[in-house]
Amino acid sequence: MSSGANDYRVDPGMMADLESIVAESDLEAALDIFEALSDERRVLVMRLLDESELCVCDLVAIFDIEYSKLSYHLKVLKEAGLVTADRDGNYVTYRPTECGEDVVDVIRQFL
């Protein structure tokens with residue numbers, strides 16, 4: 001077997017297609033999602049939000065952590081486009097976005 005620059009296990013047309021995918025890929029959104037899900041608590045928050053819209057006060061009680069820490073986790077999930085928030089008086093409730101629902105479908109397979 002020669003070690004020439006054009007020796008691929010896939011045909012040259014497929015190799016060109018694969019190279020263009022890599023060159024054109026904008027992975028920032030995907031990386032944001034994976035980073036957001038790199039914390040166990042945030043994965044569990046996503047799973048809980050699949051069951052019901054919840055406010056920070058509900059989640060603070062469930063996890064028994066400080067409000068500020070939970071708010072940080074929700075901020076990360078929101079910035080990744082996984083949750084959205086609605087204000088109702090003094091309460092801010094969270095629910096998964098469409099992308100968040102897709103993520104929860106995957107999470108459910110493992111939990």
Side-chain angles (χ1 to χ4, degrees):
M1 177 184 239
S2 66
S3 60
N6 293 329
D7 290 338
Y8 308 118
R9 292 184 64 185
V10 297
D11 67 70
M14 175 60 80
M15 185 57 76
D17 290 345
L18 296 173
E19 288 171 342
S20 70
I21 289 171
V22 170
E24 296 170 7
S25 292
D26 180 11
L27 298 176
E28 188 172 335
L31 293 173
D32 288 344
I33 290 169
F34 286 116
E35 184 176 331
L37 296 172
S38 68
D39 182 273
E40 177 181 333
R41 191 165 284 142
R42 292 192 289 263
V43 171
L44 291 171
V45 166
M46 291 301 300
R47 179 63 181 91
L48 293 172
L49 292 177
D50 182 48
E51 297 298 322
S52 175
E53 289 185 10
L54 296 168
C55 72
V56 177
C57 58
D58 298 325
L59 292 165
V60 164
I62 291 168
F63 287 105
D64 192 29
I65 63 170
E66 297 173 18
Y67 184 94
S68 61
K69 288 183 181 179
L70 192 59
S71 290
Y72 169 76
H73 290 296
L74 289 166
K75 176 181 162 245
V76 171
L77 292 170
K78 189 173 181 183
E79 288 175 351
L82 297 175
V83 300
T84 187
D86 294 313
R87 180 171 291 281
D88 182 19
N90 290 334
Y91 298 100
V92 177
T93 58
Y94 290 85
R95 69 179 185 285
T97 61
E98 188 174 325
C99 178
E101 289 173 3
D102 292 340
V103 165
V104 170
D105 289 341
V106 173
I107 291 170
R108 249 190 265 119
Q109 294 177 25
F110 297 99
L111 296 180

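Residue indices begin at 1 and follow the sequence shown. Just so you know, these numbers use all the heavy atoms, side chains as well, and skip hydrogens, waters and symmetry mates.
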Approximate separation, where rounding is to 0.5 Å, of [X] [atom1] and [Y] [atom2]:
X	Y	atom1	atom2	result
I62	R41	CD1	CZ	12.0 Å
H73	E40	NE2	CD	10.5 Å
D58	Y91	CG	OH	9.0 Å
D64	L70	CG	CG	11.5 Å

Are the side chains of [Y] and [X] in contact, using a 4.5 Å heavy-atom criterion?
X	Y	result
R95	L49	no
Y72	D39	no
E101	V104	no
L82	L37	yes
L74	L59	yes
M46	L77	yes
T93	D88	no
L44	F63	yes

Work out which heavy atom in [X] is nearest to a heavy atom in [Y]; give both atom names and the distance.
X	Y	answer
G81	C99	O-CB, 4.0 Å
R108	D105	NH2-OD1, 3.1 Å
K78	A85	NZ-CB, 4.1 Å
E51	R47	OE2-NH1, 2.6 Å

Check: Mind checking whether V56 and I65 sit in one hydrophobic cluster, side chains of I, L, V, M, F, W, Y counted as touching below 4.5 Å?
Finding: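 In one cluster with V56: I65, yes.
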Next item on the list: Report yes or no: do L48 and V92 belong to one cluster of Ile/Leu/Val/Met/Phe/Trp/Tyr joined by side chain heavy-atom distances under 4.5 Å?
Entry: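 Yes.
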Checklist line | Donor-acceptor pair, side chain of S38 and main chain of E35, under 3.5 angstrom | finding: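 Judged by distance alone, yes, a pair lies under 3.5 Å.
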Check: Can you name the disulfide bond (SG atoms under 2.5 Å apart) partners of C57, sequence neighbours left out?
Finding: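 Listed in chain order: C55.
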